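Read through the structure below, which is laid out as structure tokens, and then see the notes.
Letters A, B, ... are given to chains in the order of the sequence lines, protein chains preceding strands, and every chain is numbered from 1. Because the structure is predicted, anything quoted here is derived from the model rather than measured.
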Amino acid sequence: MKPSLGLPGRVVLGLVVLVLLFAGWVVWRNLPADEREAERPLDLTHAAVIARGEYLARAGNCMGCHTTRGGTPFAGGRGIETPFGTIYAPNLTPDPETGLGAWTADDFWRAMHDGRGRDGRLLYPAFPYPNYTHVTREDTDAIYAYLRSLPPVQQPRREHELRFPYSLQASLAVWRALYFTPRGLEPEADKPPAWNRGRYLVEGLGHCMACHASRDALGGALDSGGSLMPNGKWYAPSLHARHQAGVAQWETADVVALLKTGVSRKASVMGPMAEVVFYSTQYLSEDDLRAMAVYLQALPQEEPPPPLSPRELEEQRADAVVLDLGRRVYEQQCASCHGDRGSGQASAYPALAGNRAVLVTPPHNVIQAILWGGFTPTTAGNPRPYGMPPFGHVLNDQEVAAVATYIRQSWGNQAPAVTSLQVSRAR
Amino acid sequence: MSAWKYFVFAVWALALVGPAAVSAQEARPLDSMAQRMQACAVCHGKEGRASSEGYLPRIAGKPAGYLYNQLVNFREGRRQNAAMNHLMQHMSDDYLREIARYFAELDLPYPAPQRAAVSDDVLVRGEGLVRRGDAKRDVPACVACHGEQMTGMLPAVPGLLGLPRDYLIGQLGAWRTGHRKAMAPDCMAAIAKRLTDEDIAAAASWLAAQPVPGGGKPAPAPTTRGPMECGSAIR
């Protein structure tokens with residue numbers, strides 16, 4: 001007679017089978033992607049290929065993360081703060097020991113397309129390979145050619161500072177099994193060429209959704225929009241919503257102007273988006289910017305929330321004491337530029353009435369703007385920008401919260417109050 | 001339409017257009033550097049004329065080369081101040097040159113000097129360091145580079161007068177700890193490391209107590225070499 005398993009035994013056996021199946025699935029999902037050869041092998045030392053690579057590296061804003069403040073471009077070392085710990089961008093210059101000197105074009109393609117290092121290790125998706133996987137082999141080869149043309153800089157990489165269990169390769173394998181599939185973007189035949197080109201730039205090299213898409217608790221990007229930046233200081237508003245950063249209702253020329261110059265009739269850039277314009281989009285061709293605009297304008301749009309009832313509005317309205325403090329701060333510090341009625345002045349000082357950056361919830365961006373001020377980035381189209389002073393050391397948390405609340409609830413603006421706690425966390 | 005109706009309509013139209021015309025006249029044309037530089041006013045004072053009290057330095061009238069070097073140093077992290085590091089992040093060299101020139105060309109009166117509550121001995125020690133340095137420790141006199149009048153030297157050496165004592169102490173201390181840096185060779189870092197806390201406090205107290213001669217105008221560019229090689233002077 002065969003010994004039969006009791007109930008506990010069967011449960012254990014079932015769990016073991018499940019775990020094995022899961023492990024097998026994770027391994028299967030992490031099998032190396034196809035080794036696709038370049039369809040048309042490029043001469044990687046040709047000046048035109050290198051120039052093309054430089055342009056594409058701009059489009060991908062590689063320099064933004066792979067350069068420290070004041071450091072040699074592309075030599076790495078900048079720490080990217082994430083909820084899972086700090087990730088240090090490596091050295092992309094062709095130094096044989098500390099950079100990409102020993103990498104082949106195939107190694108580079110594997111990193112971009114499949115998120116694997118030269119040694120086969122899985123890379124952290126702070127390097128936005130879930131987007132770069134869409135980049136063609138020809139384009140990654142051109143970027144590789146450009147990086148090879150840089151002067152080599154000896155700068156050892158810093159080890160990432162990640163908390164357990166995120167520090168394990170196995171955790172990364174599970175993450176990739178859940179969220180990552182290496183694949184290019186097949187053009188959609190029924191869409192115009194500009195839309196397809198725009199999609200390639202926005203979803204691929206531009207990696208716009210790395211910030212602008214919502215993420216679930218494990219850091220997987222969702223299709224809808226709006227997300228706190230990984231350091232928790234700024235909010236990347238949704239490109240799928242006209243009350244956030246959606247541009248479906250804009251003129252295409254305004255979208256192009258914003259990406260090209262940092263300012264437009266509709267909005268100006270600040271915070272992390274100022275960095276994007278400064279290092280990346282200002283250098284893109286008119287055609288590519290137009291294509292990105294066309295694609296962004298065609299994104300599916302969410303319905304804005306329904307207007308509040310009079311009763312809900314009453315409940316949302318801040319205390320008179322807070323609004324009074326906010327008004328006094330506003331009159332003293334803000335009104336001389338932004339106007340008594342929040343109407344701003346031409347292109348120099350933005351209007352606050354009806355300004356999405358003021359109204360968007362969560363209110364991180366308006367708080368950051370008040371605490372740190374800032375200039376829009378200098379660009380060829382806007383070489384001498386206007387700037388706003390930082391008030392972080394002039395106003396206390398309560399005053400920042402009050403003035404933010406005041407501008408969110410005046411001149412027809414109707415947005416929830418900002419609390420001192422939110423300001424204190426934003427510092 | 002009868003005449004009185006035209007009249008009423010004309011009055012109504014004037015009532016609508018009148019205020020708009022007036023406010024159009026009042027609206028300032030928006031294209032000046034002063035309007036662009038609002039970001040600086042909250043800390044450095046209107047027109048870059050911070051007072052001699054408190055911590056924040058005056059920027060008006062300093063040599064353009066010096067101001068430009070500082071703006072670049074803030075952008076690239078050689079000088080540390082969270083607000084300045086933030087403001088300079090996305091600025092081109094050309095615009096920083098223009099900003100430096102704008103503040104350098106402002107010609108504004110200086111406030112009265114501030115005598116700190118320190119003994120005469122401290123001031124004597126401070127004056128000695130500023131005027132003669134300390135050869136035993138290889139500390140050159142401040143006046144050797146910052147000008148006989150201590151109002152700086154073109155093109156890139158700043159004046160030392162009209163600044164708050166706390167700011168002077170803060171900067172020399174930051175140089176000593178490596179918190180503030182300049183282009184290599186960083187002569188001020190080398191000098192600051194040869195100074196003691198007492199030296200720094202004495203020199204800063206004496207400098208902050210001096211009136212600013214001649215409107216604080218920097219001296220012309222030197223014709224002879226200074227006592228040390230300074231990277232920031234070359235730029």
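- The distance from the CZ atom of F278(A) to the CD atom of Q89(B) is 9.5 Å, given to the nearest 0.5 Å.
- A side-chain donor-acceptor contact under 3.5 Å links T378(A) to the backbone of S92(B).
- Chosen from M91(B), E98(B), M37(B), the residue pairing most often with chain A at heavy-atom distances under 4.5 Å is M91(B).
- Within the 3.5 Å criterion, the main-chain N or O of F74(B) finds a donor-acceptor partner in the side chain of R69(A).
- Residues L87(B) and P390(A) share a closest heavy-atom pair of CD1-CD, 4.0 Å.
- Within a 6.0 Å sphere centred on CD of Q398(A), heavy atoms belonging to other residues, nucleotides or ligands number 12 at most.
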Notebook entry, point to check: Is there a side chain to side chain contact (heavy atoms under 4.5 Å, CB included) between Y386(A) and Q35(B) once you walk through the steps?
Noted result: CA-CA 7 Å; Y386(A) 292 75; Q35(B) 288 154 334; 4.0 Å; yes
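- Around the CZ atom of R427(A), the shell of radius 6.0 Å holds more than 12 heavy atoms that belong to other residues, nucleotides or ligands.
- The aromatic rings of H86(B) and W372(A) are tilted relative to each other, their planes meeting at an angle between 30° and 60°.
- Using a 4.5 Å cut-off between heavy atoms, A83(B) contacts chain A through both its backbone and its side chain.
- Heavy atoms of other residues, nucleotides or ligands lying less than 6.0 angstrom from CZ of R425(A) number 12 at most.
- Classification of the F375(A)-Y95(B) ring pair by plane angle, with boundaries at 30° and 60°, yields perpendicular.
- E275(A) CD to H90(B) NE2: the interatomic distance, rounded to the nearest 0.5 Å, is 4.5 Å.
- If you measure heavy-atom distances from N85(B) to chain A, the contacts under 4.5 Å come from both the backbone and the side chain.
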